[in-house]
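See below for the structure under consideration.
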Amino acid sequence: MERNLEHITSIISVLPDKPGCYQYFDSRGVIIYVGKAKNLKKRVSTYFQRELTDAKTRVLVRNICDIKYVVVDSEEEALLLENNLIKQHRPRYNVMLKDDKTYPSIVIKKEPFPRIYQTRNITKDGSVYFGPYASVHTARVMLQMIKNLYPLRTCKLNLTPSALKTHKYKLCLEYHIKRCKGPCVGLQTADEYNANIVEIKEILKGNSSRISNELLQQMQTLSAEMRFEEAQALKEKYDLIENYRAKSTVVSPSIHNVDVFSLASNEQSAYINYMHIGNGAIVQVYTIEYRKRLNESPEELLGLGIVELRERFKSTAREVIVPFLPDHTSKTIAFTVPKVGVRKKLLELSLMNVRQYKADKLKQADKFNPEQRATRLMKMIQDDLHLPALPMHIECFDNSNIQGTNPVAACVVFKKAKPSKKDYRHFHIKTVVGPDDFASMEEVVTRRYSRLLEEDEPLPQLVIIDGGKGQLGVAAEVLRKLGLRDKITVVGLAKRLEEIFYPGDPDPLVLDKTSETLKVIQQLRDEAHRFGITFHRNLRSSQQTKSELDTIKGIGEKSKVVLLKKYKSVARLKRANPDEIAEIIGKKKTELLMEGLKTEL
């Protein structure tokens, strides 16, 4: 049980702050609960970081042996995915809808003069479905826009050619309020009606820009022919389409039995994500890891993953979406490398999941193997800063000279990418008068490395100067004079844009803001600043609390505190009766005190 708790804790510790769905598994590997979250880390953590009042929830948590999750782009997508996973796996602890309805879709019914309406039931009768939509409101907005653009019938009349010939239908209210053109009585032909249906399908597919362009061309043609009323009618349609921004969620019901694969890798491992799409829904998501043995190519690794996962999940999909072609081909599989559209979005979703899985595995490895993390960080710093050696020992200098008083400097030391506080050093600036950062830096760097050379102490592989090009140049010159420029790499960190400068190079090195190398350098800089400021404040504070009593031999800190508490100031103490003072600190100390105060005078 303890091992299980450690496993659960390790997963929770690296959950992303992103929307998605999470799945809880029991000891048999069966999904017992599926949930959605706007923030996966916060939501899942609540199950394990608070006292649960609900008995059923306590039972659920006791049975959780593993957690898996899928990240998505938005909360709406998490909602849809949760619905699909619950219907697919029917977890024991999930509340199931009694009517077992899905999210709403829009259907274009397969019938003469097709109706278009919202539905939750998808039947394989040849009708065309669009969606599902995460929000009923979104589906209704889409339908309303279509109705405003195109007069369509809403009745359930049988409008087959033979039924129309009987002339048994009459015009209804929808015709009179101009929401229908009366196909039931022959006032609208099937060709005209179906032309509208073709345009509606393009809009529902997300191809509204093509319809807009066609409408724009027709408007221009009508305007050139002085047919302004007809042009105005088209303009109203054009404006409606251009103003429409509602979008469906990820998958179209037209995408069925399709596999999606993506790959992310590092020096040690390759991670392959698998997604299966069935009936327009994501029904399976899984990621595996391959430990690299040789210098395998991405194409080879992706091919291995496709074979393994399709076999494991018994996939019969004929279409496979991939970021690049694997190293093997198949007569029964059509590989697609999408550039735009719904398939491209599915591939991006798979890539997002595999990258998140890779990042989480790396965080877990770092957490349980700190030495490995330290080595990885140092190797990254070496590569990013182009260092000749692994930076096992890094030092950072910062001057602290507030309002021109008590000039000091600080040197902080990191060993194996971690602070080594016993090696931190403070410096009182001795040879510089006034606020001169360049001269102060020259003094401190000279004193630091002259002493290390004299005492034959280990030298750092990297020195960071918190300051601009001027201070960096001074430090580099000191190291040159000491014969250390070939042994120590020195760089400067500019405060404003976090740029890294090298001596004599006018162009800075700009690291990505999320770079771990930059984060370590910033940590060094911030620690040096904190250490220096603390020392500076302590100096000023000690100077402000000094008094004449500190210089009198035989009068200690306790005697000083007692006397100042009684007499409030040295001036009053001088006027006090010696016999009263003797009652407080004794006769011998009183004699020393009076003698010392006379000397001060």
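- Between the side chain of E289 and the backbone N or O of S269 there is no donor-acceptor pair closer than 3.5 Å.
- Residues V445 and V490 fail the side-chain proximity criterion, which asks for heavy atoms closer than 4.5 Å.
- With a 6.0 Å radius and a threshold of 12 heavy atoms from other residues, nucleotides or ligands, K416 has its NZ atom at or below the threshold.
- Between the CD1 atom of I32 and the CD atom of Q23 there is a distance of 11.5 Å, given to the nearest 0.5 Å.
- Of the candidates E516, K519, K418, Q382, L377 forms a side-chain contact (heavy atoms from CB on, under 4.5 Å) with just one, namely E516.
- Side chains of R447 and S450: no donor on one and acceptor on the other come within 3.5 Å.
- L484 approaches Y449 most closely through the heavy-atom pair CD1-CB, 3.9 Å.
- For Y424, the ring-ring contact (aromatic ring centres under 6.0 Å, His included) partners are F531, not counting sequence neighbours.
- Listed by chain and residue number, E477, R485 satisfy the side chain to side chain contact (heavy atoms under 4.5 Å, CB included) test with R480 (two or more places apart in sequence, or in another chain).
- The shortest distance between side-chain heavy atoms of L518 and D512 does not fall below 4.5 Å.
- S315 and D259 get closest at one heavy-atom pair: OG-OD2, 2.6 Å.
- Around atom NE2 of H529, no more than 12 heavy atoms belonging to other residues, nucleotides or ligands sit under 6.0 Å away.
- Between the side chain of S262 and the main chain of S350, a donor-acceptor pair closer than 3.5 Å is present.
- Residues that satisfy the side chain to side chain donor-acceptor pair (under 3.5 Å) test with Y290, not counting sequence neighbours, are absent from this structure.
- One distance of note links NE2 of H7 with CD1 of I64; it measures 11.5 Å at 0.5 Å rounding.
- Of the possible donor and acceptor atoms, one in the side chain of K41 sits under 3.5 Å from a partner among the backbone N and O of S13.
- In terms of heavy atoms, L301 sits closest to A270 at CD1-CB, 3.6 Å.
- Looking only at side-chain heavy atoms (C-beta outward), V491 and L462 come within less than 4.5 Å of each other.
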#### Entry: L60 vs Y47, side-chain contact (heavy atoms from CB on, under 4.5 Å): CA-CA, chis, key distance, verdict
CA-CA 9 Å; L60 164 65; Y47 285 91; 4.3 Å; yes
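- N353 meets the side chain to side chain contact (heavy atoms under 4.5 Å, CB included) test with V70, V71, N273, L349; sequence neighbours excluded.
- Between C21 and L85 the shortest heavy-atom distance is CB-CD1, 4.2 Å.
- Listed here is the closest heavy atom pair of L482 and L453: O-CD1, 4.0 Å.
- Considering only residues two or more places apart in sequence or on other chains, L592 meets the side chain to side chain contact (heavy atoms under 4.5 Å, CB included) condition with none of them.
- A salt bridge is defined here as a Lys NZ or Arg NE, NH1 or NH2 lying under 4.0 Å from an Asp or Glu carboxylate O, and E454 with R451 fails to meet this definition.
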### Task
Could you walk me through whether Q471 and F438 pass side-chain contact (heavy atoms from CB on, under 4.5 Å), step by step?
CA-CA 5 Å; Q471 293 185 54; F438 295 167; 3.6 Å; yes
### Task
Evaluate side-chain contact (heavy atoms from CB on, under 4.5 Å) for K358 paired with N266, printing each intermediate quantity in order.
CA-CA 9 Å; K358 172 188 168 185; N266 54 31; 4.1 Å; yes
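- Nearest approach of K430 to E443, heavy atoms of both residues: N-OE2, 2.8 Å.
- Counting heavy atoms of neighbouring residues, nucleotides and ligands inside a 6.0 Å radius, atom CD of E455 exceeds 12 of them.
- To the nearest 0.5 angstrom, H393 atom NE2 is 8.0 Å from L459 atom CG.
- The pair E498-R525 meets the salt-bridge criterion, with a side-chain N (NZ, NE, NH1 or NH2) lying under 4.0 Å from an Asp/Glu carboxylate O.
- Proximity of R448 to F427: side-chain heavy atoms (C-beta onward) are separated by under 4.5 Å at one or more points.
- Of the inter-residue distances, the one linking S45 atom OG with L40 atom CG reads 10.0 Å to the nearest 0.5 angstrom.
- The aromatic rings of F48 and Y24 stand perpendicular to each other, their planes meeting at an angle above 60°, with 30° marking the opposite boundary.
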### Task
Please report the C-alpha distance between V322 and I306 in whole Å, then the side-chain angles of each, then the deciding distance to 0.1 Å, and finally whether the side-chain contact (heavy atoms from CB on, under 4.5 Å) criterion is met.
CA-CA 10 Å; V322 288; I306 290 174; 4.0 Å; yes
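- A donor atom on one side chain and an acceptor atom on the other are found under 3.5 Å apart for K589 and S559.
- The shortest side-chain heavy-atom distance between E395 and R425 does not fall under the 4.5 Å cut-off.
- Atoms SG and CG, from C411 and D398 in turn, are 10.5 Å apart once rounded to the nearest 0.5 Å.
- In this structure, the side chains of L347 and V337 stay at 4.5 Å or more apart for every pair of heavy atoms.
- The closest side-chain heavy-atom distance from Q523 to F414 is below 4.5 Å.
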Only pairs under 3.5 Å count here: list side-chain donor-acceptor contacts from residues 383-391, not counting sequence neighbours, and write none if there are none.
{"from": "D383", "atom 1": "OD1", "to": "K379", "atom 2": "NZ", "distance (Å)": "3.0"}
{"from": "D383", "atom 1": "OD2", "to": "K379", "atom 2": "NZ", "distance (Å)": "3.1"}
{"from": "D384", "atom 1": "OD2", "to": "T517", "atom 2": "OG1", "distance (Å)": "2.6"}

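- Looking at S440 and N399, their side chains never bring a donor and an acceptor atom within 3.5 Å of each other.
- E319 places no side-chain N or O within donor-acceptor distance of the main-chain N or O of V258, the cut-off being under 3.5 Å.
- F501 contributes atom CZ, which lies 9.5 Å from atom CG of L493 (distance to the nearest 0.5 angstrom).
- Looking at F261 and R310, their side chains come closer than 4.5 Å, going by heavy atoms from C-beta outward.
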